[in-house]
Structures are given as C-alpha cells and as structure tokens.
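Here the structure is laid out as structure tokens; the discussion comes afterwards.
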Amino acid sequence: MTECRKNEGQKHHHGGRSSERILDKNEILANLSIMPGQVVLDAGCGNGYMAKEFAKLSGEGGAVYALDPDAEAIDILQAKMAGTNIEAFVGDITEETRLGESSLDLIYLCTVIHGFSEKQMEGFLKEVKRLLKPGGRLAVVEIKKEETRFGPPLKIRFSPEELKQAISLTPTSLIDIGQAFYMQIFEMSKG
Ligand SMILES: C[S@@+](CC[C@H](N)C(=O)[O-])C[C@H]1O[C@@H](n2cnc3c(N)ncnc32)[C@H](O)[C@@H]1O
C-alpha cells in the first residue's frame, strides 16, 4: 500500500461533513445500475443521502443498510427511516459487522477510506470479502489526488492507481464524477 495514512487508534471523524452538496449523485447512480431487489450497504453513510437514493432503486423487494460509527448521525437517520427499506445502524466497516456472509450485491463508500490506517484497510477488505455475494460490487468514491479547494491533505488521498493496489478485488470501471472526484468499481470473483 502507499504510506501509512493515519496512526493506529486515531479516530477518523468528519464532524458531520457530507458530500451531498458537492457531488452529482445522479452521475453516481447512473453508473451503479442498482436493480430492484438488490441489497446495498452505504458504509460511512453520514447523513444517509445516498442510502435514500439506493432505497428508491432497490425497491420493496430489496434492502439498504446504512452504517456509520457516528451514533448521532445514525440516530437522526433512524428517526427518518422508519417504515422504509433502509436499516441504519452504528458500525465500523473495518471490523466484522452484524450483516450476514455473502449477503450484499453492492457496498458503497464515499469519501471514507482515505482515513483508514493500514490495519483498518486490512480489516475493511476482510469484511468486504465476507459480505459481498459472488460477483457483488464494491464502489469507492474518492476525491482526486490533486490540488482542490477542499478535501483532506493530498498525502492521505488515493489516486485510482493506489486504490487498485490497496484493494485486492477486480477493478471493473473508473468514472470521473465532476471535476474533483472519481468512482472506482471493483468486483468480487464469481466463483
Ligand atoms: C466525509 S464523511 C462522508 C459521509 C458520506 N459518505 C457522504 O458522502 O456524505 C466520512 C464518513 O465516514 C465515517 N467513517 C469513518 N470511519 C469509518 C469506519 N471505520 N467505518 C464506517 N464509517 C466510517 C465517518 O463517521 C463519516 O460519516
């Protein structure tokens, strides 16, 4: 992997920062092709604005999980999600969650993984591989590794190439999302 991005044990907390106003969610959704009946996890969901979009696409036959270590964000989301197919809960995607093995079609993370330490990245990959169905997908949205008016320090950002090195799944597509972001999609092996 690239240099160590964070000291072990240091908390990655964004104080409620959301990408909602700076990302084109329609561009992301168009490239995710979520089908009715699919089961999707928004990991590091923050205010859950994408989980709500995923729920519209996966429909009544599908399910959406929204996970974040920030209990306050999850409390707010839970209150709004009653009666929908979104289940929001406090959790950490770098550790084993309470979701079942091979239960997910898609895991989505937006501006989350640049904060992981190497140890957290290991735990993250282990959990992603446990959770995805064969052929399931991991979609990672990150800010480009170049000067921007906002975003984390350059040295902790991932370039798409660095992301491919760090994530031991098959990369299937790389899409520019506006000027400052990209989305890279990976696939779990089918066999
Ligand atoms: C910059 S915010 C992005 C929130 C949301 N994905 C968005 O695009 O608006 C990063 C989020 O990742 C969450 N996070 C940090 N470490 C995490 C971990 N180990 N597992 C899951 N979520 C984590 C934070 O609590 C925060 O809500």
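Start at 1 with the first residue, then count along the sequence. First listed ligand is number 1; within each ligand, the first listed atom is number 1.
With a 4.0 Å cut-off on non-hydrogen atoms, Cys45 touches ligand 1 through its backbone and not its side chain. For Asp42, no heavy-atom contact with ligand 1 is shorter than 4.0 Å.
Salt bridge Glu87/Arg98: present, at least one basic N to carboxylate O contact under 4.0 Å. A salt bridge links Glu162 with Lys145: the closest approach of a Lys/Arg side-chain nitrogen to an acidic carboxylate oxygen falls below 4.0 angstrom.
Close contacts of ligand 1 with Thr94, meaning ligand atoms under 4.0 Å from a residue heavy atom, involve 19 (N). With ligand atoms numbered from 1 in the order given, ligand 1 contributes 9 (O) to contacts under 4.0 Å with heavy atoms of Ser18. Atom numbering of ligand 1 starts at 1 in the shown order; those under 4.0 Å from a heavy atom of Leu67 are 21 (C). Those atoms of ligand 1 that come under 4.0 Å of a heavy atom in Asp68, given as number and element, are 11 (C), 13 (C), 24 (C), 25 (O), 26 (C), 27 (O). Atoms of ligand 1 lying under 4.0 Å from at least one heavy atom of Ser19, given by number and element, are 7 (C), 8 (O), 9 (O). When each atom of ligand 1 is checked for a heavy atom of Asp92 under 4.0 Å away, the hits are 18 (C), 19 (N), 20 (N).
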Run the side-chain hydrogen bond (donor to acceptor under 3.5 Å, both in side chains) test on Asn47 and Glu20 for me, step by step, so that the C-alpha distance in whole Å, both residues' side-chain angles and the decisive distance to 0.1 Å come before the verdict. CA-CA 9 Å; Asn47 71 9; Glu20 185 168 12; 2.9 Å; yes
How far apart are the C-alpha atoms of Asp68 and Leu77, what are their side-chain angles, what is the distance that settles it, and do they pass the side-chain contact (heavy atoms from CB on, under 4.5 Å) test? CA-CA 10 Å; Asp68 203 288; Leu77 196 53; over 6 Å; no
Quick one, Glu161 with Lys164, criterion salt bridge (Lys or Arg N to Asp or Glu O under 4.0 Å). Give me CA distance, side-chain angles, the key distance, then yes/no. CA-CA 5 Å; Glu161 210 40 55; Lys164 277 201 254 178; 3.6 Å; yes
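Relative to the ring axis of Phe186, Arg137 does not place its NZ or CZ within 45° and under 6.0 Å from the centre.
The N/O atoms of Gly91, backbone and side chain alike, include none that comes under 3.5 Å of an N/O atom in ligand 1.
Taking each of Cys110, Ala66, Pro69, Gly115 in turn, the one with a heavy atom nearest to atom 17 (C) of ligand 1 proves to be Pro69. When the heavy atoms of Gly46, Gly151, Gly44, Ala51 are ranked by distance to atom 6 (N) of ligand 1, first place goes to Gly44.
A search for side chain to side chain contact (heavy atoms under 4.5 Å, CB included) contacts involving Lys56 returns Glu53, not counting sequence neighbours. Residues satisfying the salt bridge (Lys or Arg N to Asp or Glu O under 4.0 Å) criterion with Lys144, sequence neighbours excluded, are Asp176.
Residues Glu127 and Thr97 bring a donor and an acceptor atom of their side chains to less than 3.5 Å of each other.
Put simply, no part of Ala73 is less than 4.0 Å from ligand 1, judged by heavy atoms. Taking a 4.0 Å cut-off on heavy atoms, Phe124 fails to register as neighbouring ligand 1.
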